[in-house]
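Just so it is clear: chains get the letters A, B, ... in the order the sequence lines come, proteins before strands, and each one is counted from 1. Source: prediction; values computed, not measured.
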Protein chains: 2
Amino acid sequence: MSTQEPLGTQERLVRSTQELLWERGYVGTSPKAILERAGVGQGSMYHHFSGKSELALAAIRRTAEELKQGAESCLGGPGSAYDRIAAYLLRERRVLRGCPIGRMTQDRDVVRSAELRQPLDELFGWLRGRITEVLAEGQRRGELAAELDPAAGAAAVAAVVQGGYVLARAADDPAPFDAAVQGVLALLAAQCTPGTRTTD
Amino acid sequence: MSTQEPLGTQERLVRSTQELLWERGYVGTSPKAILERAGVGQGSMYHHFSGKSELALAAIRRTAEELKQGAESCLGGPGSAYDRIAAYLLRERRVLRGCPIGRMTQDRDVVRSAELRQPLDELFGWLRGRITEVLAEGQRRGELAAELDPAAGAAAVAAVVQGGYVLARAADDPAPFDAAVQGVLALLAAQCTPGTRTTD
DNA sequence: GTCTATATTCCGATAGAC
DNA sequence: GTCTATCGGAATATAGAC
């Protein structure tokens, strides 16, 4: 279903910006670098976009949407609540690259702009809400202990992923990420009624 | 015990750099901004330091050492293992500012330099090890379930803090940080032998 | 729509006076 | 030790030809 025809100029600009924001952040990404990666001239960019920030907004929105789809494909899958959380946490990731959206929260110009921050807020808000739903559903089905606070548990799960990236990048090694994920999964497993886990 | 005499030029440069790295990151911090905040001329800076990266190294080392002392004052305190972890997690923080060291992991120039990354690696390595010790000690004392994996639990605890900052900054609201902390604390509490918690 | 000039400002560092 | 002057290059954008 993925189209194979050559990409338009505008599309190439957005994709180049997505990559560069991930690699270098907003402050570290120059229009010149975007143009070179996209293989277009300066005039093209300022024809389609008013400048760096508008282009970044398009790129951030696109990336956030992609992450949302990816997370939903795990969290909305089959299996018990634990299994779906585990599927999300154990998903293949290029850990040392970090989270392309989480990274933006460390960029001053992004967080200070209501417009640029909005997609981050929406993505993580959605994510915490979605995990909360999964946990609450697990409780209703009797899979998870009734004492568990779904919203707090969801925040912890989402935080472990984002913090795992930080620890891994500091160590230049994915191991701390994997350890953090195993840690929170083991804690969550202790809340499970026996026989409700497929994973592990 | 804190000295009150006016700070030397070198010291003012280091402290200004610490602040600016926290606020703007490495890429976003210019020598000019450092000089202005420190109230010194350009010549002074290049007299005491070879350039931006050497100054950043001094500032990062200093900040990492300060964070280590602060964490140790919680983790090395009195009480059960759970209490000490809780003291660390519930410590007063200016959440929306984020972690001054965790932030550096999102800075390309920092992570790519072995020298600049080293203090981050050391701090988070120490932190995970220290929390691991606390959890293992709790197990030996019979406070915590023997099934708990101390290293994995420690990684999860450290990750929740770093990820909590990310979620809070995305939302421009400390609430997700607090929720994540409560979430992981509740999961940890479920591993505790009754009567071993002072906190909560 | 896309290109090449050009403008202005800042970055990071060096030179050299005091 | 500290200051000001200066430098080569990059960042971000505008102007205007094609």
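In this structure, Glu36(B) places its CD atom 18 Å from P of dT2(D), rounding to the nearest Å. Note: NZ (Lys32(B)) to C1' (dC10(C)) measures 7 Å, nearest angstrom. Atoms CG (Leu35(B)) and P (dG1(D)) sit 18 Å apart, rounded to a whole Å. When the P atom of dT2(C) is taken as reference, atom CG of Leu13(A) falls 9 Å away, rounded to whole Å. Whole-Å rounding puts the Phe49(A) CZ to dG1(C) P distance at 13 Å. What separates CD of Gln42(A) from C1' of dT6(C) is a distance of 11 Å, to the nearest Å. Rounding to whole angstrom units, CD of residue Glu54(B) and P of dG12(C) are separated by 16 Å. What separates OH of Tyr46(B) from C1' of dT2(D) is a distance of 15 Å, to the nearest Å.
Between Arg84(A) and Glu137(A) there is a salt bridge, since at least one side-chain N of the basic residue sits less than 4.0 Å from a carboxylate O of the acidic one. A salt bridge links Glu133(B) with Arg130(B): at least one charged nitrogen is closer than 4.0 Å to a carboxylate oxygen.
Looking only at atom types and distance, the side chain of Thr193(A) has no donor-acceptor partner in the side chain of Glu143(A) under 3.5 Å away.
Across all strands, Ser53(B) comes closer than 4.0 Å to no nucleic acid atom at all (heavy-atom distances). Nucleic acid contact for Thr29(A): sugar-phosphate only, since backbone atoms but no base atoms lie under 4.0 Å from a heavy atom of the residue.
Which of dT12(D), dC11(C), dT4(D) sits closest to the side chain of Ser30(A) comes down to dT12(D). Among the nucleotides dT12(D), dG1(D), dA13(C), the one closest to any side-chain atom of His48(B) is dG1(D).
Rounding to the nearest 0.5 Å places CG of Asp109(B) at 11.0 Å from CE of Met104(B).
Where Tyr26(A) and Gly43(A) meet DNA chain D, the nucleotide closest to each residue was compared, and Tyr26(A) sits on the side nearer the 5' end.
Using a 4.5 Å cut-off on side-chain heavy atoms (C-beta onward), Cys99(A) and Leu67(A) make contact.
One finds no side-chain N or O of His47(B) lying less than 4.0 angstrom from the OP1 or OP2 phosphate oxygen of dC3(D). For dG1(D), neither phosphate oxygen OP1 nor OP2 lies less than 4.0 angstrom from any side-chain nitrogen or oxygen of Thr9(B).
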